[in-house]
Amino acid sequence: KAPGFGERKTSYLEDIAILTGGQLVKDELGINLEKAGEEVLGIAAKVSIGKEACTVVGDGSTASEVAARVRQIRNLCEATEQEYEREKLNERIARLSGGVAIIQVGAQTETELKEKKLRVEDALNATK
């Protein structure tokens, strides 16, 4: 299942196509899945599929296209006035430009929160 919905869904799929060097297959673009051949496929160094998420790691051959896409998204981000839209565009930039993880830690009490934050920091440092 593709991420997002509506116009954002198409944008995410275009980002994946640029990352892999593939082509977005969509009826509106005149490309039908039944008629699409190997020329629309891209290349990835690694693809990890889980129950809730799918991670695609590019092979680096499309670095210039990805950089151009990131610049394009940054321009959109600067032009938009809505905070929610700006946040979503920044997420797309982070995903395309190397990835930034956002970990949110919550707890019922302040003491419990501090303890959980320390555990998360320890886990992050252990993985570096």
Side-chain angles (χ1 to χ4, degrees):
K1 184 178 174 189
F5 58 92
E7 184 64 33
R8 195 167 290 123
K9 183 178 192 175
T10 303
S11 298
Y12 283 136
L13 291 174
E14 287 173 350
D15 292 347
I16 294 169
I18 289 171
L19 178 68
T20 60
Q23 192 175 4
L24 182 61
V25 176
K26 194 173 172 186
D27 289 335
E28 290 84 18
L29 298 175
I31 303 171
N32 191 319
L33 188 58
E34 288 82 27
K35 296 178 183 175
E38 290 183 15
E39 69 275 359
V40 300
L41 300 178
I43 299 171
K46 181 179 177 184
V47 178
S48 301
I49 301 172
K51 186 176 182 179
E52 295 292 324
C54 176
T55 304
V56 179
V57 179
D59 66 344
S61 63
T62 59
S64 60
E65 291 90 350
V66 170
R69 181 67 169 194
V70 168
R71 282 193 302 274
Q72 179 186 13
I73 296 171
R74 279 202 176 103
N75 290 338
L76 287 172
C77 188
E78 291 170 3
T80 188
E81 296 177 9
Q82 297 175 341
E83 188 62 34
Y84 178 76
E85 189 66 29
R86 188 175 293 126
E87 185 179 313
K88 291 298 179 185
L89 290 170
N90 282 327
E91 284 178 18
R92 285 179 54 202
I93 291 170
R95 287 180 179 166
L96 275 175
S97 64
V100 175
I102 300 171
I103 300 174
Q104 297 178 343
V105 179
Q108 293 182 351
T109 65
E110 190 69 29
T111 307
E112 189 179 350
L113 180 65
K114 287 180 183 177
E115 180 185 351
K116 282 188 178 183
K117 279 187 178 180
L118 289 174
R119 285 186 182 185
V120 169
E121 287 177 13
D122 289 343
L124 284 173
N125 290 329
T127 60
K128 288 183 180 177

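Between Glu78 and Arg74, no side-chain nitrogen of the basic residue sits less than 4.0 Å from a carboxylate oxygen of the acidic one, so the salt-bridge criterion is not met.
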- [ ] Would you please test Ile93 and Asn90 for side-chain contact (heavy atoms from CB on, under 4.5 Å) and show each step?
- [x] CA-CA 5 Å; Ile93 291 170; Asn90 282 327; 3.9 Å; yes

Anything under 3.5 Å between a donor and an acceptor, one on a side chain of residues 64-71, the other on a protein residue two or more places apart or in another chain? List them.
| unit_1 | atom_1 | unit_2 | atom_2 | d |
| --- | --- | --- | --- | --- |
| Arg69 | NE | Asp15 | OD1 | 2.7 |
| Arg69 | NH1 | Gln72 | OE1 | 3.4 |
| Arg69 | NH2 | Glu14 | OE1 | 3.2 |
| Arg69 | NH2 | Asp15 | OD1 | 3.0 |

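Taking CD1 of Ile18 as the reference point, atom OG1 of Thr62 lies at 8.5 Å (rounded to 0.5 Å). The distance from the CD atom of Glu115 to the CZ atom of Arg119 is 4.5 Å, given to the nearest 0.5 Å. How far CD of Glu91 is from CD1 of Ile73: 11.5 Å, rounded to the nearest 0.5 Å. Separating the CG atom in Leu24 from the OH atom in Tyr12 is a distance of 15.0 Å, to the nearest 0.5 Å.
Of all heavy-atom pairs between Ala45 and Gly58, the closest is CB-O, 3.6 Å.
Residue-environment remark: CD1 (Ile43) stays at or below the threshold of 12 foreign heavy atoms within 6.0 Å.
A search for side chain to side chain contact (heavy atoms under 4.5 Å, CB included) contacts involving Leu113 returns Val105, Ala107, Glu110, Lys117, not counting sequence neighbours. Here Arg86 pairs with Glu83 under the salt bridge (charged side-chain N to carboxylate O under 4.0 Å, His left out) rule; sequence neighbours left out. Applying the side chain to side chain contact (heavy atoms under 4.5 Å, CB included) test to Ala44 and every residue at least two apart in sequence or in another chain returns Thr20, Val47, Val56. In this view, Glu85 and Arg8 satisfy the salt bridge (charged side-chain N to carboxylate O under 4.0 Å, His left out) rule, not counting sequence neighbours. In terms of the side-chain hydrogen bond (donor to acceptor under 3.5 Å, both in side chains) criterion, Thr80 has no residue partners (sequence neighbours excluded).
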